[in-house]
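Please read the structure below before turning to the comments.
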Amino acid sequence: MMFAAGYALTLAGNLLLLLLLFTVKKPGLAKRLLMLAVFVNMVWALANLAFALEMIQPAWMMQAESLKGLLWLLFTCSVLKRELTRFRGLITQPVTMLVIVLPMLALLLPWFSVLLKWQFLLHTVIALVVLVLLETLYRQSGEQRWHYKPLVIYLGATSLYDFVMFADATMVNQMDPMYWSARGYIYALLLPALVVGIRRIKHWGIEIFISRDVVLHSTLLLAAGGYLFVMAVAGYAIRYLGGDWSGPVQLVLLFLSLTLLAVLLLSNSVRARVKVFITKHFFANKYDYREEWLKLSESLNASEKSLPKVFEKGLRCFLQAINYDRGFLLKCNGSRLDVVSSTEERELTNVESDVLSQLQPFLEHKHWLVDIEELRYKPFLYEGLKINHAILNQCNFQLVVPIYQDDKLWGMALLHTSLAERVRLDWELRDYLSAVTAQVANYLFHYEAAQELAENAQFAAFNRMSAFVLHDLKNVLAQIDLILCNAEQHKDNPEFIEDTFETLHHTKTRMDRMLRQLTEKKEPQPSPTKTIDLVELTDKVISERCHQYKPTPEIQTLAEVSLSVDGEKLSNVLYHLISNAQQATADDGQVTVRVGMAQESGFALIEIEDNGCGMSIDFIANRLFKPFDTTKGNAGMGIGAYDAKNYIEKLGGRLEVSSSEGEGALFSLYLPL
C-alpha cells in the first residue's frame, strides 16, 4: 500500500492542477496541450495505481507510459515553437514528426507481442529525447531563463529519473521495484515546480491564482517539517552514540525544539517577514509599475499657471493612483498644517486637526505611511508614535501619506473612500505610494521653484528699473543744483528766468515719466531689531504717512503691546495695508485699526478693517498676495500685500483676510510676542 500511496498523491495533485487550468479562460495552444498532458498524467498515475493493486496487466501500464511520453513531447515542442498557434502547424514540423515517432512506436509494440526489454529500451530513448529538447529550450531561452527554469526542473528531473529506471530495466530485463515504488512520490513532490513554471511564463496565457495565505501556511508547515526532520536526525544521532543517557537528552532536545518552533510560528514579525518574502518572490505585483508610472506622468504633464491648480492636480494624482475619491492636501507652515487643496467642501474637524498635530512629530522623524485603521488595531506596528487612540474613531480619512523635501516634512496627503473600496496598507502599497509620492512631490517642488525663480526675475527687473530711475534723479538733481548756483548772480536777468522755467518744465516732464514707472513701494534699507510699542508705532504710521488720504483711519487700543521687531519694516507693512484700505473705501467711509492681544496664546493682534468695496474669495486666493499683480494699473507694482504677508510669516506669524464683495475687508496680523 505504501507503493500505491505515491501514485495516489500524483493522481490527486494532477487532478487539482487540471481543475485550476479549467478556470483559465484565455485560449492558446500551450494551454490545450498542457491540459491534455496533465490529464494523461492522471491516466498514467491511475494505471500505475491499478497495477500496484493488481487490477490490470503490465501491458496497460506501459501503454499509459507511452501516451504520457507522447503528450509531454508534443507540449515541449510547442514551447520550443512558441510562434505556432495551431496544432496542425505544430504536428507538421519536421522536428515534431521526428520526436513523436518513438512514443507512437511504443504504443504499437505491445500489440505485436514485442519483448518488454525492447519496450524498456524505447522508453529510455524517449526520456533521453525529452532531456535533449529541454537542453535546447534552456539554451534558447536567453534572458527568459528565469521564467523557464521551474518547467525545465520538473521535466528534466522526472525524465532523468525515467532514463535511469528504464536503462536499469533494459539491462536486467525487468523493472526494479524500488525504482518503481519511489517514482510516484518523486512525481508528486516535483509537481509544485510545474505550477511555478506555469505562473512565470506569461505568454502561455495561463494565470493560476494561489492564495497568499495558502502559500504562507504551506511554507510555514514545510519549514516546520524540515525543522522537525533536522531535530529528529540530531536526536537519532545522539541516541545512537550516547548510550544510556541518550534517552533523556533526546527528550529534552525534542521538547526545546518544539517550544522554539512554536515561538517562531507565533511571532508576528517572523510571519510578516515570511509573508513579504513570499509575496515579493512568488507572486505578481498588484500594480504594473510601468503602466502606472506612464499614467501618472501623463496626468502631471499638463502645465498649470496658478499654485492652487497645481496643488489640486497633485491631490488628484494621489487619489487616482489607488482609486480613492476624497482627500486633502496639507502643507506645513511652521508648526501648523494649512489645507492647500481639498475635494470636499467641509473643513478638517478639531479632532482631525488634533490627530494630525500628534502625527506630525512622528512623521518628521520617521518616513512612514500611516493607515488610521491599522494604527487603531495594530498600534505596535507604529513604534514610537504617541497618540490618543480614543479619538482615532472620529477621523474621516484613512491614509496619511507624508511628503518630504530634503528630508524635511513638506506636508501630507489625507486619502479616503468608502469602506468597500478601501485598500489595505501592505508592503507593496507602501512601495507603490512612495513612488507616486516621489513623482507628485517633484512636480509640486518644481512648480514652487519655478514660481520663486519667476518672482526673483521680476525683482531683478524691478531693481534694474530702479537703477534707471536713480540715474534720472541724479540728472534732475544736477540741474536743480545748477539753477541754485546761478540764481544769486542772474536772478534779475530775464533770460535766466526764462531759461530756468524751461529747465523746470523739462525736469517736470522727466519726473512725470519716472513717477509713471516707479511704484509707490520703496525698498527700505534694513534697520536693526529693537523693542517697540506697537500702539505707538501704529499711531505714528497713521499720523505721518496716512493722514493725507481719506478717510482718516481711526485707531482703537485694546491692550498695550511691546514687540522686538524691525520697526521700519513693520511700519511699511502697516502703511501699505492701511493705505490700501483707504484707497478701497469712499471718502465718507470708515477705516478702523485695532491693536491688542490675540485670543491665541503668544500672539499680538493688529486688525485693519474697512467698509469699502471688498474682495471676492477667488481674488483673495489667487491674486491678492501674488507679486506684481495689481488692480491699480500703472499706479502700483502689486508687491505691497505680498511683501506684508511674506514678512509676517518670516516672523513666525500669519496674515489672515476676511472679505466679501461690497462689504469691506478685514486684515488680521498675528505677530508672535
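- The side-chain contact (heavy atoms from CB on, under 4.5 Å) check on Q360 picks up C332, L337, E364, L409, with sequence neighbours excluded.
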Practice prompt. Could you walk me through whether R316 and E312 pass the salt bridge (charged side-chain N to carboxylate O under 4.0 Å, His left out) test, one step at a time?
Written response: CA-CA 6 Å; R316 189 166 61 248; E312 179 184 346; 3.8 Å; yes
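- Within a 6.0 Å radius of CD in Q358, other residues, nucleotides and ligands contribute more than 12 heavy atoms.
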Discussion item. Evaluate E649 against R336 for salt bridge (charged side-chain N to carboxylate O under 4.0 Å, His left out), listing each step before the verdict.
Written reply: CA-CA 12 Å; E649 288 180 350; R336 299 175 64 251; over 6 Å; no
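- Taking each heavy atom of R346 and S342 in turn, the nearest pair found is O-OG, 4.4 Å.
- W410 and F311 have tilted rings, their planes meeting at an angle from 30° to 60° on a 0 to 90° scale.
- Without hydrogens or angle criteria, T557 side chain to A559 main chain gives no donor-acceptor distance under 3.5 Å.
- With hydrogens and angles ignored, the 3.5 Å screen pairs no side-chain donor or acceptor of S660 with any backbone N or O of E663.
- N393 and R376 share a donor-acceptor pair across their side chains, judged by distance under 3.5 Å alone.
- Annotation: side chain of T437 is in contact with side chain of F318 (closest heavy-atom distance under 4.5 Å).
- M597 approaches V561 most closely through the heavy-atom pair SD-CG2, 3.8 Å.
- Contact check for L356 versus L330: side-chain heavy atoms found under the 4.5 Å cut-off.
- Taking the side chain as every heavy atom from C-beta outward, L671 and I648 approach each other to under 4.5 Å.
- Panel note: side chain E352, backbone T349; a donor-acceptor pair is recorded below 3.5 Å.
- For H416 (side chain) and N396 (main-chain N/O), a donor-acceptor pair under 3.5 Å exists by modelled atom type.
- A pairwise comparison of heavy atoms in I555 and D539 identifies CD1-N, 4.0 Å as the closest pair.
- Taking a 6.0 Å sphere around CD1 of I617, one finds it holds 12 or fewer heavy atoms contributed by other residues, nucleotides or ligands.
- Smallest separation of non-hydrogen atoms from I608 and A581: CG2-CB, 4.2 Å.
- Side-chain contact check for Y382 versus W368: some heavy-atom pair is nearer than 4.5 Å.
- D406 places no side-chain N or O within donor-acceptor distance of the main-chain N or O of K408, the cut-off being under 3.5 Å.
- The closest donor-acceptor contact from the side chain of Y670 to the backbone of G652 lies at 3.5 Å or more, if one exists at all.
- A donor-acceptor pair is defined here as one N or O able to donate and one able to accept, closer than 3.5 Å; no such pair exists between the side chain of D610 and the backbone of G664.
- The shortest heavy-atom contact between M615 and L624 is SD-CD1, 3.9 Å.
- In this structure the side chain of N442 never reaches within 4.5 angstrom of the side chain of Q405, judged on heavy atoms.
- Proximity of L359 to L385: side-chain heavy atoms (C-beta onward) are separated by under 4.5 Å at one or more points.
- Each of V573, L534, L537, I532 was scored for a side-chain contact (heavy atoms from CB on, under 4.5 Å) with V565, with one residue passing: I532.
- For the pair E607/V593, no side-chain contact is recorded, criterion being any heavy-atom separation below 4.5 Å from C-beta on.
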Worksheet item: What do the steps show when you test E600 against R654 for salt bridge (charged side-chain N to carboxylate O under 4.0 Å, His left out), and what is the final call?
Response: CA-CA 12 Å; E600 186 175 347; R654 65 184 186 275; 2.6 Å; yes
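- Judged by distance alone, with hydrogens and angles left aside, the side-chain atoms of D354 form no donor-acceptor pair with the main-chain N or O of N350 at under 3.5 Å.
- Taking 4.5 Å as the limit, some side-chain heavy atom of Q398 sits within range of a side-chain heavy atom of Y324.
- Under a cut-off of 6.0 angstrom, the local environment of NZ in K378 is sparse, with at most 12 non-hydrogen atoms contributed by other residues, nucleotides or ligands.
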